[in-house]
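For reference, the structure discussed in these notes is given below.
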Amino acid sequence: MTGEDRCPCGGGQLYQEHCGSIVASGAGVGVRAEALMRARYSAYVRKNKPFLLDSWHPKTRPADLTFDEDLEWLGLEIIDIEAGSGLDINGIVEFKAQFRRGGQNFELHERSSFTRVAGHWKYVTGT
């Protein structure tokens, strides 16, 4: 992929102008919880392990992260947002992410919780 690619999160902008700017500036700096969630989705699409681990809350972050090479992310849909603005400490983003594995299409439906740590949004957990 090149810097001129459309952002995988479906925002309709170029990656570098949308999620790429969040990845470049550091996980969760000065953004909403929704923006960090979109950047995390884009990081999964692009297999950006350092960003994913950095944007995970230290108490729930895995020691390592591996990618399923047979998995292809197909799209993201935001369902609901609760709080998570620049004035909030916590936020929730509900989303559906479509993916293909082994020739079959699937959907991940999750309510992700986020919190601020030292001014940075961090992913805590999802149900």
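Since this is a predicted model, take the numbers as computed values, not measurements.
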Side chains of I89 and T115: closer than 4.5 Å at any heavy-atom pair? yes
Carefully, step by step, assess R116 and D88 under the rule salt bridge (charged side-chain N to carboxylate O under 4.0 Å, His left out). CA-CA 8 Å; R116 282 194 185 268; D88 297 312; over 6 Å; no
When you measure from the side chain of R40 to the backbone N and O of Y123, does any donor-acceptor pair fall under 3.5 Å? no
Under the 3.5 angstrom rule, does the side chain of K47 hit a backbone N or O of T66 as a donor-acceptor pair? no
Looking at every non-hydrogen atom in both residues, tell me the closest pair between A43 and F51 and how far apart they are. CB-CD2, 3.6 Å
Do P8 and C19 make a side-chain contact, defined as non-hydrogen atoms from C-beta onward lying under 4.5 Å apart? no
Under 6.0 Å from the CG atom of L108, do we count more than 12 heavy atoms belonging to anything else shown? yes
Using the six-membered ring of F114, assess whether NZ or CZ of R32 lies under 6.0 Å from its centre and within 45 degrees of the ring axis. no
Given the ring of Y15, does R6 sit roughly above its face, with NZ or CZ under 6.0 Å from the centre of the six-membered ring and within 45° of the axis? no
Can you find a pair of side-chain heavy atoms, one from E17 and one from L14, that are under 4.5 Å apart? yes
Verify same cluster id: I92, M37 (apolar side-chain graph, 4.5 Å): no
Is any side-chain heavy atom of S21 closer than 4.5 Å to one of Q16? no
Give the minimum heavy-atom separation between F95 and S112, together with the two atoms involved. CE2-OG, 3.2 Å
Flag the pair L65 / Y44 as yes when at least one side-chain heavy-atom distance between them is below 4.5 Å, and no otherwise. yes
Between E107 and F99, is any pair of side-chain heavy atoms under 4.5 Å apart? no
Nearest atoms (heavy-atom pairs only) where C9 meets Y41: CA-CD2, 3.8 Å
Show the atom names and distances, to 0.1 Å, of all donor-acceptor pairs under 3.5 Å that link a side chain in residues 70-79 to residues at least two apart or in another chain.
unit_1, atom_1, unit_2, atom_2, d
E72, OE1, R100, NH1, 3.2

Taking the side chain as everything from C-beta on, heavy atoms only, tell me whether T127 gets closer than 4.5 Å to E110. no
How about R61 and K59: do any of their side-chain heavy atoms sit closer than 4.5 Å? no
Taking V117 as the starting point, is it possible to reach L36 by hopping between hydrophobic residues whose side chains are less than 4.5 Å apart? no
Under 4.0 Å between a side-chain nitrogen and a carboxylate oxygen: does that hold for R111 and E82? yes
What is the minimum heavy-atom distance between H18 and C7, and which atoms define it? ND1-SG, 3.5 Å
Please tell me whether V31 and W56 are part of a single hydrophobic cluster in this structure, the criterion being side-chain heavy atoms less than 4.5 Å apart. yes
Do you know which two heavy atoms are closest between H109 and E94, and how far apart they sit? NE2-OE2, 2.6 Å
Heavy atoms of D68 and R101 approach each other most closely as OD2-NE, 2.8 Å
So does T125 get a backbone contact from the side chain of S113, meaning a donor-acceptor N/O pair under 3.5 Å? yes
